[in-house]
Amino acid sequence: MKPPVIIILSESSVAIAQQIQVALPNAMVYGLAGRVQSVDVSYTKFGDTVRDLFSNGTPIVGICAAGILIRSLAPLLTDKRAEPPVIAVAEDGSAVVPLLGGLTGANELASTIAHALEIKAAITATGQLRFNVVLEAPPPGYRLTNPDHAKAFTSDLIAGATVKLIGDAPWLSQSNLPFRADGTHTIEVTDRPIAGSATHLVYQPMPVQGKLAIVGTGPGAAEWMSPETRALLQAATDLVGYKTYLDLVGTFAQGKRHESDNRVELDRARHALDLAAEGRSVVVVSSGDPGIYAMASAVFEVLDREAKPAWEALEIHVAPGISAMQAAAAAIGAPLGHDFCAISLSDILKPWSVIEQRIALAAQADFVLAFYNPVSKQRTWQLDRAKEILLHWRSPATPVVLARNLGRSGQSINVKPLADLTSTDADMRTVILIGSSKTRLIERSDGGVWVYTPRHYGG
Ligand code: SAH
């Protein structure tokens, strides 16, 4: 279901709208321009606005008379299976009436709103009331193969018919349907292709289609977040990531937050996959680019190793972001203008011997190097050792760029010769670029420098 829109006509409805928003944190409040302030979106024409929302499948909660909604939407009522929920809420919060969309969750939405307002929803759908289930609209994970028979079947039950259940589904066995071993009618839950009838409803279990996107916020500032990432964040029902990153995207995203300070990335990845397998739209939030020393590979690693059947049908999407080394390079000129490589100096996930070997080989190959995770509170000697190795192959005058807190408050970019690099120059918020033998400095009139690596390798 898309996030609902709460639409109001006057300032006096703002309080009720906000009370409803607590129960529906994804919902936006639309207010009539000129009459209502402090809303998410202002509109000018009520009728056109609700018709537009209805046509694009957005659930509508109108804090207004039911009649206004009915009159506005009447010309559009053609397909009850496709229409979104439309709910009228009395301006004083004393009544909640689901008007349309009984098959797409209106009764459940009305009950959620009623609960928030501490009243009872005015549910008028007899099947829902009597049996606590809408046979025509099974929950995600099930498909009714003969929906045209559902209406007559429900009417028969209301008139006193009983049901035999073949197979099982919790939403059916926990309902108030009149189950009897010798029921006059049958409900069957099966994978087999059985033809239903007016006295035999057949439900097929379906894999729930959920979505998992892995996004990167860029190194810090909001303007480095791609429009695709913003759109994914806005549409997410659930957000998974470190608190710091979730705080950073808080203004774009209203989904449920699953904060973690958990350093075990694989656990976080598994949690995200499990949420998506429940049919949710989950976004895993990393900093920088999500595929560079970040969550995307953790997700694929868990997917590959554990291969749960429930994850098979998931839509997985990785949205690229700006990585710290790109932002660092842009801030100082163009040091990555020729061949380069990235090495994480963290020996938590790989042995230090491998890191030393890579630094030595990259230095011999005359790559520009980007060092991620250069120094932490626990890892203090690694950068000094890296410098020692580099000095076997590189001149002590090689330019080194130290970029800290890029795009965040306290951003600093310093350039110094390799000979002067020490581990106190860096921390976990620093990315370091080590020039190749071709990397050059240009003195600037303001006292600063540009650093660049030429495209041409000759002479
Ligand atoms: N996925 C991230 C990298 C995560 S590893 C990316 O693509 O940028 C974490 C390391 O990235 C940090 O230790 C630091 O070296 C670097 N980093 C991340 N954000 C940074 C920032 N805003 N400024 C400087 N370095 C940053």
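In each ligand, atom 1 is the first atom listed, and ligand 1 is the first ligand listed. Not measured: the values here are computed from a predicted model.
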Residues Lys256, Asp238: salt bridge by 4.0 Å N-O rule: no
Polar atom proximity, Asn373 to ligand 1 (N or O, under 3.5 Å): yes
Sub-3.5 Å N/O-N/O distance, Ile322 and ligand 1: no
Enumerated ligand 1 atoms positioned under 4.0 Å from heavy atoms of Ala403: 24 (C)
Test of ring centre spacing under 6.0 Å for Tyr372 and Tyr293: yes
Test of proximity, Phe371 against ligand 1: N or O pairs below 3.5 Å: no
Criterion salt bridge (Lys or Arg N to Asp or Glu O under 4.0 Å) on Arg429 and Asp427, from CA distance to verdict: CA-CA 5 Å; Arg429 294 167 179 192; Asp427 60 10; 5.5 Å; no
Residue pair Glu91 / Ser12, side-chain donor-acceptor N/O under 3.5 Å: yes
Pair Tyr203 + Trp171: ring centers closer than 6.0 Å: yes
Arg408 neighbourhood, listing ligand 1 atoms whose heavy-atom distance to it stays under 4.0 Å: 19 (N), 22 (N)
Nearest option to atom 16 (C) of ligand 1, as decided by whichever heavy atom of Ala324, Gly291, Ser376, Ser412 sits closest: Ala324
Ligand-side contact atoms (ligand 1) for residue partner Tyr293, heavy atom cut-off under 4.0 Å: 4 (C), 5 (S)
Ion pair check, Asp366 and Arg394, cut-off under 4.0 Å: yes
Sub-3.5 Å N/O-N/O distance, Ala294 and ligand 1: no
Salt-bridge contact Arg385-Glu356 (side-chain N to carboxylate O under 4.0 Å): yes
Atoms of ligand 1 close to Arg429 [distance to a heavy atom under 4.0 angstrom, numbered from 1]: 23 (N), 24 (C), 25 (N)
Polar contact flag for Ser287 and ligand 1 (N/O pairs, less than 3.5 Å): yes
